[in-house]
Engineer: 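I have a structure here, written as structure tokens, and I will follow up with some questions on it.
All of these numbers come straight from a predicted model, not from anything done at the bench.
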Amino acid sequence: MTVVCSGCEIETESRLKCPKCVKLGRQEYFCGQECFTKQYKTHSELCHKAPAPTMGAESLKVYKEDDMQTWVNDARLRPFVALGCDFPGSLRPWPTTPMNVVPEHIPRPDYVETGESRLEERSRAYPIHVYCEEELTRMRASCRIAREALDLAHSMCKTGITPVEIDDAVHHFIVEHHGYPSPLNYYNFPKSCCISVNEIVCHGIPDLRPLRDGDIVNVDITVYHQGMHADLNETYAVGTVADESLKLMKCSYDAMMKAIAICKPGVAYRDIGRVIENHCKSEGFAVVRNYTGHGIGSLFHTTPTIPHYEMNKAKGLMKEGHVFTIEPMVNAGKHSNDMWPDNWTVSTLDGSRSAQFEHQILITSEGAEVLTARLPTSPPLDF
């Protein structure tokens with residue numbers, strides 16, 4: 001059985017392990033002694049340090065979820081006081097922790113320093129990119145890291161865990177696998193993944209609110225590795241969840257999979273939305289209209305645009321070598337939504353719950369390959 005060398009990232013049958021990692025319970029292999037010696041300093045910085053600790057309960061003793069007077073002294077919550085926010089549901093923003101840091105030697109996307117991607121903005125006028133085998137090899141490596149990071153997050157989604165703890169674990173996992181967590185400082189997003197609870201449709205900022213029995217939580221992870229982004233998300237149940245929420249989660253997943261099933265060369269991108277909305281309507285749910293799937297690869301977001309609703313105006317036909325995401329956001333109530341004053345968190349307008357699933361897709365000569373497919377080791381989906 002081959003493994004990936006933690007030093008040079010090539011496949012090897014070597015069973016040389018890092019002694020320190022063995023003590024820490026990690027399975028990190030090297031292709032040989034020379035590689036281990038050469039890469040040890042970098043490897044140690046990545047793998048032998050514990051994730052940054054999160055803020056403890058002591059710091060939250062003065063925080064009251066519905067008392068805006070306690071929000072004024074917190075940088076994350078202050079805009080909610082200044083700008084006001086009509087919360088349609090029961091969820092409220094909580095304090096969070098500072099942005100995590102990625103070691104300097106990790107390759108990073110173009111937007112990390114400025115918060116803006118000039119390459120993405122220029123790409124809107126370009127045709128859909130056709131990926132070659134060399135690019136796809138790198139992309140598959142990135143997708144594997146993203147899938148394993150999401151499975152780690154899934155295993156942590158339990159009552160009492162905070163989204164910040166999940167974000168810290170995801171951040172550390174991606175960095176120790178020589179990747180950059182793509183959301184970090186993407187147009188000033190402050191965390192390494194998006195975590196959206198209950199009525200939050202997408203782009204939830206991980207904070208210190210402990211997950212509660214009955215919550216549903218979406219974790220959206222993107223990894224930049226070897227010059228390629230990999231993007232996927234899933235929605236999980238925390239403790240005992242109402243049947244209606246489980247039905248909502250299953251509907252979003254099934255809609256995504258039905259859309260993937262039609263993907264092959266020659267199919268119009270607009271047909272994806274027809275398949276998704278027809279399924280969701282039949283289940284009594286509504287599809288979000290103003291957030292879409294997208295092309296992805298060397299850029300985080302690029303052409304094509306993938307609407308998830310019927311009668312859309314998406315352009316283009318699928319061709320072999322196209323790579324994109326399908327990620328329907330499905331609401332238990334109406335499809336309308338609103339953005340919180342943090343300029344990222346999107347909530348349903350009526351306070352109903354929302355669920356989402358996402359895969360990254362490659363069009364092949366005969367159909368579609370799910371690059372972010374679940375692994376035999378992936379925890380089972382909660383519905």
Side-chain angles (χ1 to χ4, degrees), residues 49-85 87-102 149-150 152-175 181 183-186 188-222 233-239 241 339-348 351 353-354:
K49 295 180 180 179
T54 60
M55 293 171 62
E58 287 294 318
S59 63
L60 295 176
K61 281 187 175 178
V62 297
Y63 176 70
K64 297 179 181 178
E65 198 171 53
D66 286 305
D67 180 10
M68 288 201 176
Q69 286 301 111
T70 68
W71 296 20
V72 176
N73 295 326
D74 185 271
R76 163 162 161 71
L77 303 179
R78 200 172 299 127
F80 290 84
V81 180
L83 301 175
C85 185
F87 297 103
S90 61
L91 196 76
R92 299 291 182 272
W94 279 52
T96 191
T97 51
M99 182 183 291
N100 277 318
V101 176
V102 177
L150 185 61
L152 170 63
H154 186 181
S155 72
M156 296 179 68
C157 286
K158 294 178 171 58
T159 304
I161 292 290
T162 68
V164 158
E165 289 175 288
I166 297 171
D167 182 77
D168 284 347
V170 166
H171 176 93
H172 187 66
F173 181 90
I174 292 170
V175 168
L184 193 64
N185 208 38
Y186 179 76
N188 303 310
F189 189 80
K191 289 294 184 180
S192 298
C193 65
C194 300
I195 300 182
S196 304
V197 179
N198 295 342
E199 66 264 29
I200 303 307
V201 175
C202 59
H203 304 156
I205 296 173
D207 60 22
L208 288 159
R209 174 193 179 273
L211 297 180
R212 300 170 183 173
D213 187 63
D215 285 344
I216 62 172
V217 54
N218 178 273
V219 183
D220 192 342
I221 288 175
T222 313
N233 74 60
E234 293 177 345
T235 302
Y236 308 125
V238 180
V241 170
M339 186 176 290
W340 281 6
D342 60 18
N343 292 323
W344 274 107
T345 307
V346 178
S347 169
T348 58
R353 289 191 165 189
S354 186

Engineer: For D213 and G239, work out which heavy atoms get closest and say how close.
Structural biologist: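 D213 and G239 have their closest heavy atoms at OD1-CA, 3.1 Å.
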Engineer: Do you know the tightest heavy-atom contact between S192 and D167?
Structural biologist: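 Taking S192 first and D167 second, the nearest heavy atoms are N-OD1, 2.9 Å.
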Engineer: In the structure I gave you, are the side-chain heavy atoms of H203 and T345 within less than 4.5 Å of one another anywhere?
Structural biologist: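 With C-beta onward as the side chain, the pair stays apart.
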Engineer: Taking all non-hydrogen atoms of both residues, which atom of R209 and which atom of V197 are closest, and how far apart?
Structural biologist: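 Smallest heavy-atom distance, with atoms named: NH1-CG1, 3.9 Å.
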Engineer: Return the minimal non-hydrogen interatomic distance between L152 and A169, and the atom names on each side.
Structural biologist: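 Minimum heavy-atom contact is CD2-O, 3.8 Å.
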Engineer: Would you name the heavy atoms of Y186 and W344 that are closest together and state the gap between them?
Structural biologist: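 Looking at all heavy atoms of both residues, the shortest contact is O-CZ2, 3.3 Å.
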Engineer: Indicate yes or no: at least one non-hydrogen side-chain atom of C202 is less than 4.5 angstrom from one of D220.
Structural biologist: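 Of all side-chain heavy-atom pairs linking D220 with C202, none is under 4.5 Å.
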Engineer: Start with the C-alpha gap between L208 and R76, add the side-chain angles, then the distance that decides, and say whether side-chain contact (heavy atoms from CB on, under 4.5 Å) holds.
Structural biologist: CA-CA 11 Å; L208 288 159; R76 163 162 161 71; over 6 Å; no
Engineer: Are P95 and L77 close enough that some pair of their side-chain heavy atoms sits under 4.5 Å apart?
Structural biologist: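 A side-chain contact exists here, since the closest heavy-atom pair is under 4.5 Å.
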Engineer: Report yes if the side chains of D342 and F80 come closer than 4.5 Å at any heavy-atom pair, otherwise no.
Structural biologist: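 D342 vs F80: side chains touch.
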Engineer: State the OG1-CD distance between T348 and E199, to the nearest 0.5 angstrom.
Structural biologist: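 T348 atom OG1 to E199 atom CD measures 5.5 Å (nearest 0.5 Å).
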Engineer: Is any side-chain heavy atom of I200 less than 4.5 Å from a side-chain heavy atom of S354?
Structural biologist: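 No. Closest side-chain heavy atoms not under 4.5 Å.
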Engineer: State, yes or no, whether a side-chain contact exists between I221 and F173 at a heavy-atom distance under 4.5 Å.
Structural biologist: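 With C-beta onward as the side chain, the pair stays apart.
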Engineer: Can you find a heavy atom in the side chain of P93 that is under 4.5 Å from one in the side chain of W71?
Structural biologist: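 SC-SC contact between P93 and W71 confirmed.
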Engineer: Looking only at side-chain N and O atoms, does T96 offer a donor or acceptor that is under 3.5 Å from a partner on D207?
Structural biologist: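 Side-chain D/A pair, D207 to T96: absent.
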Engineer: Before you tell me yes or no, could you show the steps for C194 and F189 under side-chain contact (heavy atoms from CB on, under 4.5 Å), namely the whole-Å CA-CA distance, both residues' side-chain angles and the distance that decides it to 0.1 Å?
Structural biologist: CA-CA 9 Å; C194 300; F189 189 80; 3.7 Å; yes
Engineer: Provide the closest heavy-atom pair for C157 versus V219 in the form atom of the first, atom of the second, distance.
Structural biologist: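 What the structure gives for the nearest pair is SG-CG2, 4.2 Å.
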Engineer: Measure the shortest side-chain to side-chain distance between I166 and P206 over non-hydrogen atoms and say whether it is less than 4.5 angstrom.
Structural biologist: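 No; the side chains remain at least 4.5 Å from each other.
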